[in-house]
J.: 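Before anything else, here's the structure in question.
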Amino acid sequence: MQFGKGCHLHLIDGSAFIFRAYHALPPLTRKSDGLPIGAVSGFCNMLYKYVEANTGPDAPTHVAVIFDKGSHTFRNDLYDLYKANREAMPEDLRPQIPLTREATIAFNIACKELAGYEADDIIATLSVQARDAGGRVTIISSDKDLMQLVGDGVEMLDAMKNKRIDRDGVIEKFGVGPERVVDVQALAGDSVDNVPGAPGIGIKTAALLINEYGSLEELLDRAGEIKQPKRRQTLIEKRDQIELSKKLVQLDCNTPLDFTLDDLEVRDPDPETLLEFLSGMEFRTLTKRISDQLGVDAPAIKDTDPRGAEPEAADAPADLPFAPETYACIRDAQALEPWIARARERGYVAVDTETTGLDEMRVDLVGISLCIDSGKACYIPLGHKDGSDDLFGSDNLAEGQMPLEQALDMLRPLLADPSVMKIGQNMKYDAKIFARYGVTVTPYDDTMLMSYAMNAGLHGHGMDALAERYLSHAPIPIKSLLGSGKSAITFDRVPIDDAVKYAAEDADITLRLWELFKPQLHQTRVTTVYETLERPLSPVLARMEMHGIKVDRDTLSRMSNAFAQKMAGYESELFELAGHEFNVQSPAQVGAILFEEMGLDGGKKTKTGQWSTPADVLEDLATEHDFAARVLDYRQLQKLKSTYTDALQDHINPDTGRVHTSYVQTGANTGRLASTDPNLQNIPVRSEEGRRIREAFVAEEGKVLLSLDYSQIELRILAEMADIPALKQAFKDGLDIHAMTASEMFDVPLDQMTPDIRRRAKAINFGVIYGISGFGLARNLRIPRAEAQGFIDRYFERFPGIRSYMDATTQFAKDHGYVQTMFGRKIHTPEINAKGPGAGFAKRAAINAPIQGTAADVIRRAMIRMEDAIAGLPAKMLLQVHDELLFEVDADRADDVIARARDVMETAAAPALHLSVPLTVDAGQGQNWAEAH
DNA sequence: TGATTCACG
DNA sequence: GACGTACGTGAATCAG
């Protein structure tokens, strides 16, 4: 067929496929000879998926996979540093490159490359040719360098996210249309490709300039008109560099190709050729899949079926497509029996539960899914309703379900069997559900925690995100079953047939992720982190959450009423001051009154154009203006009432009379926990009025609450990590660290220390932990920025090791893309090499992460050991608040618990680490949290 | 839904 | 002399 109108050309960015396949999969090797084939395997799966997905009415008529050839292109002749900062290709990837060409040919897809040109140039040339011939083009790539080609029938498709990028998508990314993308790129440069651009100008600023001047040439010609001096100077002085950058990013639409569009016509693969290649690579699953599909016999592959607890490594989990219609529905004991037997035989089983909601302490179990061999999963419906009401208005159970107790009795021994590994995604949730039904789940692996140990900072760790990223599969959205908004139903109302597909798929996905992650833990050297800091903590948290803490409803209720009364008084006072009624809770309206009606200075607008009225601004105004002071008073009470005294009451569990928070183990990238529903890690303490809310957190009759918290743990860790002798000695001597810092910095003897000087030093100490800046310290201390900068300079002069630590940490982050805690936890810093304001954020985060993260690791270790340490004592660990642990204990044994808990906490770093700085723990006890703290 | 504000370490 | 900044969280509320 001659390429022309009605034709549709697909251009696949082959290099992108290869690199994605390489990084998404563990380094698999061919069993027979050890040849690395992970990337080839992934590549073939992606091609297969691509072919499968493109058979419909919108199928392409022409297709080609385009590769780069060699590393030297005409761009290197223009600029010898082009792509010079690229890391060398990994050793185990190099031999796989030619195999990806062979794979493409085996699939009978045109495979094109051209010496001296990048794949992008070929794609550009073909796109233009196809467009000129009147056809459509889809470029399968997410490379932003290709966005300049979009428009007039040319689209991009991000196969990863299954997202089409059209003209609007380009504008979203670059702030300009495709025809101006190169102008923006020329200015912004590209650190990945080492395109210099204009220093100090990023995409945002570039788009602004191009939109204002219309084009790069116009901008450069009229650069003298620019107001900002630095920017003006850059554009004038760096003109050559910017023009060079444009040449580097501009794709060549006239590459000399030795083929035509007509040569790219879609062809069916030759079964023999394709299967020969796949079986030669020893891709068993994919070979079988395709041979079944084509109805031909595949060449035999040497069988070396491995047994044991380790998952099969050679079959990439992505090999197998998801087939929801094949999942089994288990309706009786006879059907369940073989699954339990198979789990015992294998030594592992993926488990997932379905429930009527998200509050593990209240919801009902609706069903259980299992998966032992990827692709084969089952769902056991147990609590589905048939939709018909009985006399009491509650539904009857649907037909065809096992009695709940029978299923649990059968599963109970398996789930508690120490020789069978249970595998879950966020298994803490499922374990808590099971626990309420008298079923213990142990031991268990958790794919969410595995992902967190390997990839904190890179992406989220929810099932949907992991499935899409690592299995290239978008799970059935729960919304498609439950609906959303107020018409949403609970899972027990979902028809069993639909539930099977959704629920079993979750177990299938979980098992596949586990098979993928298990070997990766070793390769990424985080096995110890996972095994000592993540996996053992999960059941500890589950028990703390289930235990909960008693909260006195009457205390909260009384406070609520008192707050409401006071707020009403403030409100009428505010209306009086303003001369009219308004919504005190609206920052926009408060701002309008202050900065427009009252005409005060100092108002700033947010990026949405609204007046901004944060507390520090109002505080500055409050000394002069009652209105600002009253708004602050009102806001404080509003916060206390809505978030604490009111909302907390709703969280008191009617069965236990206690509040059960949920800790999110993967919530903070640094290794800290997050607490939700409710958040018990931000109960007020700093203000006197707020602190009284802690009086509502009480011990049971005859018991007391204990609070043990690490003293200055982050500063101690900083002293240790940065190795600052003066700080370390001060901690060893038990000195007041802020006073000592102040003394060093300001040359004031300790016995002449004033509270104000100490306060400043304290602010600096904290600032250091956060990646200090003159601006931040100035704002915190409310002093001029120059003065703040002076303090910082002085601090670094006295403690030069701190600066070296900061420099070394940021450099490490730049080199490796992550930073580490002292216990080996990795926190990825993908933004560290970004340009623009993001760079500052990333740098400070990189400085803070090892410190905050090491402290988080220490208390995790303490928590993991704590249960054994206080076993036998009438005590329970209830809450963790970053550096504090809260216990409930029989009053007469409080001192024993304090002694043991303190010892565990103070020695938590050992034996993995021998800190030269002591960790010390302060303890308190009382009838309520306010007294204990 | 995103922005704003504010509670904690 | 331009810009925009303390690090890490979760929840309530407004506004579109």
Side-chain angles (χ1 to χ4, degrees), chain A residues 200-202 204-205 226-234 457 583-591 604-618 631-632 635-644 646-648 651 661-664 667-687 690-691 693-694 709-710 712-714 718 763-764 766-781 785 788 792 827 836-853 855-856 859 879-884 933:
Chain A
I201 293 183
K204 286 269 161 62
T205 313
I226 290 173
K227 293 192 200 82
Q228 298 89 339
K230 182 78 184 292
R231 196 176 286 173
R232 179 174 65 230
Q233 188 188 1
T234 303
N583 185 352
V584 187
Q585 301 194 76
S586 163
Q589 293 183 34
V590 168
K604 280 194 185 139
K605 294 207 173 172
T606 65
K607 56 185 162 188
T608 53
Q610 306 276 8
W611 286 110
S612 169
T613 58
D616 55 348
V617 171
L618 295 185
V631 170
L632 283 170
R635 275 196 191 162
Q636 189 200 4
L637 295 187
Q638 160 68 21
K639 178 80 177 181
L640 294 177
K641 182 171 185 297
S642 68
T643 308
Y644 301 105
D646 287 348
L648 266 177
H651 281 285
T661 184
S662 289
Y663 289 104
V664 189
N669 289 335
T670 52
R672 273 194 180 180
L673 303 177
S675 159
T676 67
D677 305 303
N679 182 354
L680 295 185
Q681 293 183 319
N682 70 346
I683 302 301
V685 70
R686 292 174 188 171
S687 78
R691 182 158 51 231
I693 289 172
R694 296 190 173 216
D709 68 290
Y710 283 106
Q712 309 286 5
I713 185 166
E714 291 192 356
L718 172 68
I764 295 168
F766 277 108
V768 166
I769 292 172
Y770 298 148
I772 199 160
S773 75
F775 182 93
L777 183 65
R779 204 175 61 164
N780 188 279
L781 285 176
R785 189 169 160 178
I792 294 170
I827 299 117
F841 278 116
K843 183 179 163 187
R844 291 191 295 271
I847 290 168
N848 173 258
I851 305 168
Q852 185 180 115
I859 196 165
L879 300 179
Q880 188 247 43
V881 192
H882 308 309
D883 63 1
E884 171 188 9
H933 188 79

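A note on names: the letters A, B, ... follow the listed sequences, proteins ahead of strands, and every chain is numbered from 1.
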J.: Run the side-chain donor-acceptor check on residues 836-848 of chain A: report pairs under 3.5 Å with partners two or more places apart or on a different chain.
T.:
unit_1, atom_1, unit_2, atom_2, d
Asn848(A), OD1, Gln852(A), NE2, 3.2
Asn848(A), ND2, Ile769(A), O, 3.0

J.: Say you draw a straight line from CG of Leu618(A) to OG of Ser612(A); how long is it, rounded to the nearest 0.5 Å?
T.: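 So the CG of Leu618(A) and the OG of Ser612(A) are separated by 8.5 Å.
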J.: What is the distance, rounded to the nearest whole Å, between atom CD1 of Ile769(A) and atom C1' of dT9(C)?
T.: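 Rounded to the whole Å, the gap is 16 Å.
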J.: Nearest-Å distance, CG (Leu673(A)) to P (dC7(C))?
T.: 21 Å
J.: How does protein contact run along nucleotides 10-16 of chain C, one letter per nucleotide 5' to 3', with B for base contact, S for sugar-phosphate only, - for none, heavy atoms under 4.0 Å?
T.: BBSSSSS
J.: Describe the nucleic acid contact of Arg785(A) in one word from base, sugar-phosphate, nothing, applying a heavy-atom distance below 4.0 Å.
T.: base
J.: So Arg844(A), base contact, sugar-phosphate only, or nothing? Heavy-atom distance under 4.0 Å.
T.: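 Contact class for Arg844(A): base.
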J.: Quiz question: going by heavy-atom distance under 3.5 Å, is there a donor-acceptor pair between the base of dT9(C) and the side chain of Arg672(A)?
T.: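 Answer is no: no donor-acceptor pair is held.
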J.: For DNA chain B, note the earliest and the latest nucleotide, 5' to 3', having some atom under 4.0 Å of a heavy atom belonging to chain A.
T.: dA3(B) to dG9(B)
J.: Under 4.0 angstrom, heavy atoms only, what part of the nucleic acid is Arg779(A) near: base, sugar-phosphate, or nothing?
T.: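 If one applies the 4.0 Å heavy-atom cut-off, Arg779(A) turns out to touch the sugar-phosphate alone, with no base involved.
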J.: What does Gly840(A) touch in the nucleic acid at a heavy-atom separation under 4.0 angstrom: a base, only the sugar-phosphate, or nothing?
T.: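 Nothing, no nucleic acid heavy atom in range.
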J.: Using the P atom on both, measure dT5(B) against dT5(C) and round to a whole Å.
T.: 13 Å
J.: Looking for any heavy atom pair under 4.0 Å, which part of the strands does Ile683(A) touch: base, sugar-phosphate only, or nothing?
T.: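 Ile683(A): backbone/sugar contact only, no base atoms under 4.0 Å.
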J.: List for me each residue that meets side chain to side chain donor-acceptor pair (under 3.5 Å) alongside Ser687(A), sequence neighbours excluded, and say none if there are none.
T.: Gln636(A)
J.: Given the rule in the side chain to side chain contact (heavy atoms under 4.5 Å, CB included) test, do Leu648(A) and Leu680(A) qualify, once you have shown the distances and angles that lead to the verdict?
T.: CA-CA 10 Å; Leu648(A) 266 177; Leu680(A) 295 185; 4.0 Å; yes
J.: For residues 670-681 of chain A, which residue pairs pass the salt bridge (charged side-chain N to carboxylate O under 4.0 Å, His left out) check, not counting sequence neighbours?
T.: Arg672(A)-Glu714(A)
J.: Name all residues meeting the salt bridge (Lys or Arg N to Asp or Glu O under 4.0 Å) criterion together with Lys641(A); count only those two or more places apart in sequence or in a different chain, and write none if there are none.
T.: Asp646(A)
J.: Rounded to the Å, how far apart are Arg231(A) CZ and dC3(C) P?
T.: 8 Å
J.: Within the 4.0 Å heavy-atom criterion, would you say Phe775(A) contacts the bases, only the backbone, or no part of the nucleic acid?
T.: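 Since a base atom lies under 4.0 Å of Phe775(A), the category is base.
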J.: With heavy atoms under 4.0 Å as the rule, sort Asn780(A) into base, sugar-phosphate or nothing.
T.: base
J.: If we ignore hydrogens and angles and just use 3.5 Å, is the side chain of Ser675(A) paired with the main-chain N or O of Tyr663(A) as donor and acceptor?
T.: no
J.: Need to verify one output field. Residue with the more 5' nearest nucleotide on DNA chain C, Tyr770(A) or Gln228(A)?
T.: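 Going by which nucleotide is closer to the 5' end, it is Gln228(A).
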J.: For residues 767-779 of chain A, which residue pairs qualify under side chain to side chain donor-acceptor pair (under 3.5 Å), counting only residues two or more places apart or in two chains?
T.: none
J.: Within the structure shown, what part of the strands sits under 4.0 Å from Ala856(A) by heavy-atom distance: base, sugar-phosphate, or nothing?
T.: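 Counting heavy atoms under 4.0 Å across all strands, no contact is made by Ala856(A).
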J.: State which residues pass side chain to side chain donor-acceptor pair (under 3.5 Å) with Thr608(A); sequence neighbours excluded, sorted by chain then number.
T.: Thr606(A)
J.: In chain order, what residues pass the side chain to side chain donor-acceptor pair (under 3.5 Å) check against His651(A), with sequence neighbours excluded?
T.: none
J.: How many Å lie between OH on Tyr663(A) and C1' on dT9(C), as a whole number?
T.: 13 Å
J.: Check the distance between dG4(C)'s C1' and Lys230(A)'s NZ and give it to me in whole angstrom.
T.: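 To the nearest whole Å, that distance equals 14 Å.
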J.: Return the value, rounded to whole Å, for the distance between atom NE2 of His882(A) and atom P of dG8(C).
T.: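 Going from His882(A) (NE2) to dG8(C) (P), I get 13 Å.
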J.: Looking at residues at least two apart in the chain, or sitting in another chain, which of them share a side-chain contact (heavy atoms from CB on, under 4.5 Å) with Ser586(A)?
T.: Asn583(A), Ala588(A), Gln589(A)
J.: Can you name the side chain to side chain donor-acceptor pair (under 3.5 Å) partners of Arg232(A), sequence neighbours left out?
T.: none
J.: Using the criterion of both pairing distances under 3.5 Å for Watson-Crick and G-U wobble pairs, give all stems of 3 or more consecutive pairs involving DNA chain C.
T.: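 Stems for DNA chain C, defined as runs of 3 or more consecutive pairs: B:1-9 with C:7-15.
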J.: Please work out if Ala763(A) contacts a base, only the sugar-phosphate, or nothing of the nucleic acid, heavy-atom cut-off 4.0 Å.
T.: base
J.: Pick the P atom in dG4(C) and in dT4(B), then give their distance to the nearest Å.
T.: 13 Å
J.: Does Ala855(A) offer a backbone N or O that forms a donor-acceptor pair with the side chain of Tyr710(A) under 3.5 Å?
T.: no
J.: Which is true for Ser612(A) with a 4.0 Å heavy-atom rule: it touches a base, it touches only sugar-phosphate, or it touches nothing?
T.: sugar-phosphate
J.: Please state how far atom CD1 in Ile847(A) lies from atom P in dT5(C), giving the value in whole angstrom units.
T.: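 Result: 17 Å.
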